[in-house]
Number of protein chains: 2
Amino acid sequence: MARKTKAEAARTRDRIVSCARRVFARRGVNMASLDEVARASGVTRGAVYWHFNGKSDLFMAVRAQTGPLVSFEPPREKDPLEALERGLIGALRRLARDEAARDTYEVMLWRCEYVGEFADVRRDLMEAGKSFLRQTEALYRNAVRRGMLAAGIDPRTAALETFCLYAGMLKIWLADEGGGLRSRIEKLIRAHVASRRRSRVATRRARGSMKP
Amino acid sequence: MARKTKAEAARTRDRIVSCARRVFARRGVNMASLDEVARASGVTRGAVYWHFNGKSDLFMAVRAQTGPLVSFEPPREKDPLEALERGLIGALRRLARDEAARDTYEVMLWRCEYVGEFADVRRDLMEAGKSFLRQTEALYRNAVRRGMLAAGIDPRTAALETFCLYAGMLKIWLADEGGGLRSRIEKLIRAHVASRRRSRVATRRARGSMKP
DNA sequence: TGATTTACATACAGACATGTATGTTTAGTT
DNA sequence: AACTAAACATACATGTCTGTATGTAAATCA
């Protein structure tokens, strides 16, 4: 077929990735054939194999096109707990608003059996998780330094709890299409973070004992 | 082939289910062929098709053979928060001990794209989740009645949080083979439940104000 | 004690999916 | 302007999986 301009070829590649995401989300990564992806993109398998080495390569491209969901503000935040809350809620809002992100996470959390070539992808996912974990822990430690974390909370354990909560939350949010849970999850996040915050009275008491 | 006795046939069926679980867990539900399952069970596909209608039917059997992970003690528990903690920790301990249960949940949480015939299975899973949610909420409400829940906690939201936490916890526990997180998750559960419990001093203060 | 199922094994046909090889224009390059 | 290689489409060979049809020997039954 006629050779396309570089820019057009790049657009073709992008289109394939976008369509692959939709196809993967609706039919499952393994069930989806590259022919389906190609048809959805308005090309043939030839184009797909030209741009990608195979299904797993295409899958990586899908992941790469959608950046990470959460992004916490710089660690030197004045109110790290609010930063945490904003990060988590931001992720949820993005899921609700951005269909592409929704499809990507649908694929990763519900439509992929991490097997064979995809086994490493799971390890990648867990690495991303560890990164989330480190950032969260940093936020909690920051909160400790500022005397904002409630008494008796170990930041390391708290971070792990937030991590698990986040992971489960995403899965449930995605699966609960029309089940009435989605609307409650944002409230849940606020409650979660609030429970970690040292209460006003406790703060006042602590200040009082620090500067008598 | 020679006809088997009824008891033997039942054992064959059981063996197929058990082997299917292992094969599904290692190769993924979609990637695994019924021939692999049959070979692993020491039979041919004929036997598999005799006992089951197909892969999805077999998958249901796998789920059914492994009962639910958590089982909370009767709702009239003296200390409902401890019941919650014991239930959650019990689930984790079972995962660690019982390889079959581990494989089953590995399959359901990581090795299955809930698509086509399996789309209903996801709905089933979410139904089971709602049941978990109801039970947890009942426990928290019980705790409220007994004055054991910390102040300012909404039992409904708290239950949803525990549910999400549990869901994420299982996924992460399973994926973190050798990553060092598993050993910390039990502590996490204790911290989670403890943070919901009204502190001793608060309890004493509340008692004091109740019976002056 | 036949007759009838049962509990499988074997055989077969059809449907796809994958990977690669090859063809065909045209955008870049020199 | 000629040449090269990009950006695909088309064609093909191969393997694998599924579902079903058929065979068969023993367990169960009347």
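The structure displayed is predicted, hence computed values, not measured ones. Lettering follows sequence order; numbering is per chain, from 1.
A sub-4.0 Å separation between OP1 or OP2 of dT18(C) and a side-chain N or O of K55(A) is present. T5(B) has no side-chain polar atom (N or O) that falls below the 4.0 Å cut-off from OP1 or OP2 of dT6(C). Residue Y49(B) has a polar side-chain atom (N or O) positioned under 4.0 Å from OP1 or OP2 of dG19(D). Side-chain N/O atoms of H51(A) include none lying less than 4.0 angstrom from OP1 or OP2 on dA7(D).
T44(A) and R39(A) form no side-chain donor-acceptor contact under 3.5 Å, judged by distance and modelled atom types alone. Looking at T162(B) and R196(B), their side chains do bring a donor and an acceptor atom within 3.5 Å of each other.
The distance from atom CG of L34(A) to atom C1' of dC8(D) is 16 Å, rounded to the nearest whole Å. Taking atom CG on D35(A) and atom C1' on dC16(C), their separation rounds to 10 Å, with Å as the unit. Atom P of nucleotide dT22(C) and atom CH2 of W50(A) are separated by 16 Å, given to the nearest angstrom. The CZ-P distance, from R11(B) to dA7(C), rounds to 13 Å in whole Å. One can place CE of M31(A) at 12 Å from P of dT18(C), the figure rounded to the nearest angstrom. Note: CG (N30(A)) to P (dC16(C)) measures 18 Å, nearest angstrom. Distance CZ (R13(A)) to P (dA6(D)): 16 Å, rounded to an integer number of Å. Distance F52(B) CZ to dT20(D) P: 17 Å, rounded to the nearest Å.
With hydrogens and angles left out, the side chain of R3(A) and the base of dA7(D) share no donor-acceptor pair within 3.5 Å.
Taking D154(B) as the reference, T157(B) meet the side chain to side chain donor-acceptor pair (under 3.5 Å) condition, with sequence neighbours excluded. By the ring pair (Phe, Tyr, Trp, His ring centres under 6.0 Å) test, Y114(B) pairs with W110(A), sequence neighbours left out.
Across the interface with DNA chain D, nearest-nucleotide mapping of A10(A) and R45(A) shows A10(A) to be the residue nearer the 5′ end. For the pair K6(A) and A7(B), both in contact range of DNA chain D, the more 5′-proximal nearest nucleotide belongs to K6(A).
In this structure, T44(A) reaches the bases: a heavy-atom distance under 4.0 Å links it to at least one base atom across the strands shown.
The backbone N or O of W173(A) sits less than 3.5 Å from a side-chain atom of R182(A), completing a donor-acceptor pair.
Among dA7(C), dT18(D), dC8(D), the nucleotide with an atom closest to any side-chain atom of K4(B) is dA7(C).
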